Amino acid sequence: MKDLKRIEIIDLLQGKADDQIEKEICVKGWVRSKRGNKNIAFIALNDGTIVHNIQVVVELAQFDQDMIKRITTGASLRINGKLVESVGQEQNVEVQATEIEIYGEADPETYPLQKKGHTLEFLREIAHLRPRTNTFGAVFRIRHAMAFAIHKFYNDKRFFYWHSPLITVSDAEGAGEMFQVTTLDLDNIPRTENGKVDYSQDFYGRETSLTVSGQLEGELGALSLGKIYTFGPTFRAENSNTPRHLSEFWMIEPEMAFYELEENMNLAEEFIKYLVSYALENCKDDLEFLQSMYDKELVERLQHVVETDFVRLKYTEAITILEASNQKFEYPISWGVDLQSEHERYLVEKHFKKPVILIDYPKEIKAFYMKENADGKTVRAMDVLFPKIGEIIGGSQREDNMDKLVARMKEVGIDPKDMKWYLDTRRFGSVPHSGFGLGFERLLLFVTGMVNIRDVIPFPRTPKNAEF
RNA sequence: UCCUCCUUAGCUCAGUUGGUUAGAGCACAUGACUGUUAAUCAUGGGGUCCUAGGUUCAAGUCCUAGAGGGGGAGCCA
C-alpha cells in the first residue's frame, strides 16, 4: 500500500484540501455505514474531526470480495484513493478508493451501534462506545470548545488559572456531603482510646475529603494575584437522582479582588454570552446536527441569550412578583423562604422570558461567607437563573469584614480556629472581593440542548453508577 | 431520599377479558438491483417475556417483594 499523507475528513469536507482534487490521498476513520449493489459500494467514513462523513466509493471489481465483506459498521479503515468532486447531491467531494486496509474489524453480530438511531438511555449503558455516534461526537466536540473558550476568555482578561486542591480538610461552604479520602484499612480501622477512628494514622494524619468547591482557596489566590479562576472537577456525595446532578462534575470559579456585586454580575453575564457566542461561531455543524435531531429551537435560543440583557432583580422584588402572580405553587411563597424550582421557572420562563440574576437574598438561606447588606437582613448573593436548567451560576460578594465573618461562622456552627488560613485573608490586607461558580455541565446542557446531564460528560458519575 | 411510570429478539416497540406454537419495524445473514445518501426489494436465522415468590386448570398478562431505568420533587452547580 502506498504511503500517502493522511488528510483529516474535516479538511476534505470544508474545502481545505481542494488543491488535492484529482490526486490520490489517504483518509482514515471508522465505518458509519456501507451500502450499494453488486458493482459498487459506498462507505460513510468518520474520523471524529467533524459530524459529517466522507463518502468513499468502492468499485467492487477492483478489490478482494472477502476483504470487502469484512468492512462493516464500526470497522476502522485506512484508504488510499482519488479525491474527486462528487456525482451525488449530498456532498461536494468523495474518495474513489484505490487501496483499502482494514485496521480493525467490528463483528456486526456483536457491535452494539447500528446505523439507525438508538435511545440516549441505551447509549448511556455503552458510554465507552457512544462517542462514536453523531450525537455524542457533537456533544463532546462542543464540550471541548467550551473548555477552550473558558480559558481564552479569562486569559484575555488577565485572570490567572489557579489550582485549588482536590483533596481538602474542610466542608466550610456546607455545599454538600463529601467523599472521604483515606488510606486506612477499612477491614481493620485504628481506634483511639475512646473508640473513635484514629485519623492520626491516616495518610494525611487527619480526616480528608474530595473538594466540593475550590472557592475558599480561590479567594486566597484573588487576594494576592488579583483575578483568578479555577476550572476543575468537584465532588458531592449527595444522593441526588435528577437529570441536573452529577456526583463528579466540573466547575469554573472566578474570584476577583476589588470587584463588588455589580461588577461580579457584569462579569457573569459577559462570560456566559461569550461562551454561547463562541459556540455559535465555532460549533456550527454540531449545533445544527443537535438542532435537527433533538431541539428545533436550539440555535434561536442561543442567539436570544447572546442578544438579551439579563434581568437583575432583588430577592424581595421577586417575592413581590411571585405573591402577585396568582399562581398556585406547591410550596407557598413568603419573604425568607428559599425559592423552589417552580418559583424560579415562573420568573424565568413565564414572567420575564429571559435569564434572571437574582440578588440580595436573606442571609439565613445563604452561605456564611457572603457580605451582609446595610439592612442587616440580606446578603450580596447572586444566582443566575436560566430557562429549562434553573440555577446555572451561584455567586456573591464576599464578607471582607473580619468581625462580621467570624460572627457568621459562629452562628452557623463553624469553629473559626479551623479556618485560620481563610481568616488570615481578612486579618491582613482585606479588600472587597467577589466571585461565582458556573457548573460546566449545566452550561453544556444549555448550549447543546441535551436534557440529561449524564449525556454531556463522557463518563457520568451518579449514585450507584460508576462503571467504565 | 420521596412520588410516579417503565422493563418482551441486538435496538425500538405491539401483545385484546388470563387461554393453542409470543409478533412487527430496524439491525444481522443470503440473494436481487449499474451511483447510493439512515438506499430499496425478497427470503431466512434470532426470545431466561428483568429477578424471586404467589394466585390459577392455565400467567408475557393478575398480586407481593427486589433490581435496573425514565420523568417529577428535595439538596445544589
Side-chain angles (χ1 to χ4, degrees), chain A residues 32-44 52-61 69 72-74 84 86-91 94 96 106-126 133-134 173-177 211-215 233-253 268 292-293 329-331 338-342 344-345 365-367 383-386 389-395 436-446 451-457 462-465 467:
Chain A
R32 283 294 167 77
S33 73
K34 186 178 78 169
R35 58 180 175 271
N37 54 46
K38 65 180 175 184
N39 299 308
I40 193 167
F42 302 94
I43 297 169
H52 303 297
N53 307 316
I54 187 82
Q55 172 156 284
V56 177
V57 184
V58 183
E59 297 280 353
L60 295 181
K69 271 192 174 174
T72 57
T73 300
V84 297
S86 179
V87 179
Q89 299 294 310
E90 306 287 318
Q91 58 275 321
E94 62 190 23
Q96 287 178 339
D107 177 6
E109 292 289 347
T110 53
Y111 185 62
L113 294 173
Q114 303 163 4
K115 42 189 168 181
K116 290 242 176 182
H118 295 289
T119 60
L120 296 172
E121 288 81 11
F122 170 71
L123 292 171
R124 232 171 265 153
E125 294 171 10
I126 50 167
T133 63
N134 287 335
E173 192 181 356
E177 295 293 313
T211 184
V212 294
S213 163
Q215 179 199 314
T234 308
F235 308 89
R236 302 208 180 156
E238 245 132 31
N239 191 12
S240 294
N241 296 288
T242 84
R244 298 180 306 282
H245 290 85
L246 294 164
S247 54
E248 176 183 304
F249 64 101
W250 288 63
M251 194 151 61
I252 302 99
E253 295 180 287
S292 69
M293 292 295 287
F329 293 117
E330 190 185 339
Y331 293 83
D338 207 354
L339 296 186
Q340 304 296 325
S341 294
E342 54 178 343
E344 297 179 351
R345 268 207 308 277
I365 58 174
K366 286 294 179 183
D383 285 359
V384 181
L385 308 179
F386 256 51
I389 52 177
E391 184 180 343
I392 194 171
I393 279 180
F436 60 82
L438 169 72
F440 188 46
E441 284 77 16
R442 293 214 178 149
L443 171 82
L444 289 172
L445 282 181
F446 183 75
V451 295
N452 192 311
I453 202 163
R454 297 172 180 93
D455 295 331
V456 296
I457 187 168
T462 54
K464 296 273 176 4
N465 186 354
E467 222 184 330

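These values consider heavy atoms only, across backbone and side chains, with no hydrogens, waters or symmetry-generated copies. None of the values given here were measured: they were computed from a predicted structure.
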Inset, instruction - For B:rG44 and B:rA24, measure between their C1' atoms and round to the nearest Å. - result: 16 Å

Legend entry - Distance (rounded to the nearest 0.5 Å) between A:S341 OG and A:Y331 OH: 9.0 Å

Inset, instruction - Provide the closest heavy-atom pair for A:R236 versus A:S213 in the form atom of the first, atom of the second, distance. - result: NH2-CB, 4.4 Å

Legend entry - Selection from B:rA73, B:rG72, B:rA77 that lies nearest to any side-chain heavy atom of A:P243: B:rG72

Legend entry - Phosphate OP1/OP2 of B:rU12: any A:T119 side-chain N/O under 4.0 Å: yes

Inset, instruction - For A:N241, enumerate each residue passing the side-chain hydrogen bond (donor to acceptor under 3.5 Å, both in side chains) test, keeping only those at least two apart in sequence or located in another chain. - result: A:N239

Inset, instruction - Whole angstrom is fine here: how far is it from CD in A:E344 over to C1' in B:rA73? - result: 13 Å

Inset, instruction - Please report the C-alpha distance between A:E59 and A:N39 in whole Å, then the side-chain angles of each, then the deciding distance to 0.1 Å, and finally whether the side-chain contact (heavy atoms from CB on, under 4.5 Å) criterion is met. - result: CA-CA 6 Å; A:E59 297 280 353; A:N39 299 308; 5.6 Å; no

Legend entry - Shortest non-hydrogen separation from A:I389 to A:R442 and the atoms involved: CD1-O, 3.3 Å

Legend entry - Side-chain heavy atoms of A:Q340 within contact of A:E330, under 4.5 Å: no

Legend entry - Under 3.5 Å donor-acceptor pair, A:H245 side-chain atoms to B:rC76 base atoms: yes

Legend entry - Separation of atom CD1 in A:I389 from atom P in B:rA77, rounded to whole Å: 14 Å

Inset, instruction - Would you indicate what A:Y331 reaches in the nucleic acid, counting non-hydrogen atoms under 4.0 angstrom: base, sugar-phosphate, or nothing? - result: sugar-phosphate

Inset, instruction - Kindly indicate whether the side chain of A:S240 and the base of B:rC76 share any N or O donor-acceptor pair separated by less than 3.5 Å? - result: no

Inset, instruction - Treat primed atoms plus P, OP1 and OP2 as sugar-phosphate and everything else as base, then score nucleotides 2-10 of chain B 5' to 3': B for base contact with protein heavy atoms under 4.0 Å, S for sugar-phosphate contact only, - for none. - result: --------B

Legend entry - Atom pair distance, as rounded to whole Å: CZ in A:R244 and P in B:rA77: 13 Å

Inset, instruction - For A:E441 and A:V456, indicate whether the former's side chain and the latter's backbone hold a donor-acceptor pair under 3.5 Å. - result: no

Inset, instruction - Please state the P separation for the pair B:rG18 and B:rC76 - nearest whole angstrom. - result: 47 Å

Legend entry - Listed nucleotide nearest any side-chain atom of A:N452, set B:rG70, B:rC11, B:rA77: B:rG70

Inset, instruction - Whole angstrom is fine here: how far is it from CD in A:Q340 over to P in B:rG74? - result: 5 Å

Inset, instruction - Kindly point out which of B:rU34, B:rA77, B:rG69 is positioned nearest to the side chain of A:N465? - result: B:rG69

Legend entry - Rounded distance in Å - CD (A:E391) to P (B:rG74): 12 Å

Inset, instruction - Give A:L443 one of three labels, base, sugar-phosphate or nothing, depending on what nucleic acid heavy atoms sit under 4.0 Å from its own. - result: nothing

Inset, instruction - Verify, without hydrogens or angle tests, whether A:E253 (side chain) and A:G214 (backbone) share a donor-acceptor contact under 3.5 angstrom. - result: yes

Legend entry - Along RNA chain B (nearest heavy atom to each residue), the more 5'-positioned of A:R345 and A:S247: A:R345

Legend entry - Aromatic-base stack, A:F249 on B:rA77, cutoff 5.5 Å, angle under 30: yes

Inset, instruction - Have a look at A:I392 and say if it touches a base, only the backbone sugar-phosphate, or nothing, with a 4.0 Å heavy-atom cut-off. - result: sugar-phosphate

Legend entry - Of A:T73 and A:N239, the one whose closest RNA chain B nucleotide lies more 5': A:N239

Inset, instruction - Please state the C1' separation for the pair B:rA22 and B:rC13 - nearest whole angstrom. - result: 14 Å

Inset, instruction - Using Watson-Crick or G-U wobble pairs with both distances under 3.5 Å, give me RNA chain B in dot-bracket, 5' to 3', with [ ] for crossers and | for pairs to another strand. - result: (((((((..((((.....[...)))).(((((.......))))).....(((((..]....))))))))))))....

Legend entry - Reported CZ-to-CD distance for the pair A:F436 and A:Q215, which is rounded to 0.5 angstrom: 12.0 Å

Inset, instruction - Check whether any side-chain nitrogen or oxygen of A:T72 sits under 4.0 Å from OP1 or OP2 of B:rC28, and answer yes or no. - result: no

Legend entry - Euclidean distance for C1', B:rU16 against B:rG53 (whole angstrom): 28 Å

Inset, instruction - Return the value, rounded to whole Å, for the distance between atom CD1 of A:I126 and atom C1' of B:rC11. - result: 10 Å

Inset, instruction - Name the nucleic acid region contacted by A:R124, choosing base, sugar-phosphate or nothing; use a 4.0 angstrom heavy-atom cut-off, strictly under. - result: sugar-phosphate

Inset, instruction - Mind checking the CD-CD spacing from A:E467 to A:E125? Nearest 0.5 Å is all I need. - result: 9.0 Å

Inset, instruction - Tell me whether the OP1 or OP2 atom of B:rU1 has a side-chain N or O from A:K464 closer than 4.0 Å. - result: no

Inset, instruction - Provide, to the nearest angstrom, the distance between the CZ atom belonging to A:F446 and the C1' atom belonging to B:rA77. - result: 16 Å

Inset, instruction - Considering only atom C1', compute the distance from B:rC49 to B:rU21 and round it to an integer number of Å. - result: 15 Å

Legend entry - Under the side-chain hydrogen bond (donor to acceptor under 3.5 Å, both in side chains) test, residues paired with A:Q55 that sit two or more places apart: A:R35, A:E94

Inset, instruction - Kindly compute the distance separating OG1 (A:T462) from CD1 (A:I457), expressed to the nearest 0.5 Å. - result: 10.5 Å

Legend entry - P-based separation of B:rU61 from B:rG19 [nearest Å]: 11 Å

Inset, instruction - List the protein contact pattern of nucleotides 36-44 of chain B with one symbol per nucleotide (5' to 3'): B for base contact, S for sugar-phosphate-only contact, - for none; contact means a heavy-atom distance under 4.0 Å. - result: BBBB-----

Legend entry - Inter-nucleotide C1' distance (B:rG15, B:rU55), Å rounded: 22 Å

Inset, instruction - For A:N452, check side-chain hydrogen bond (donor to acceptor under 3.5 Å, both in side chains) against everything at least two apart and list the hits. - result: A:R454

Legend entry - From CG (A:L339) to CD1 (A:I365), nearest 0.5 Å: 6.5 Å

Inset, instruction - Can you tell me, in whole Å, how much space there is between the C1' of B:rC50 and that of B:rA9? - result: 15 Å

Legend entry - Gap between atoms CZ and C1', on A:R454 and B:rG68 respectively (whole Å): 12 Å

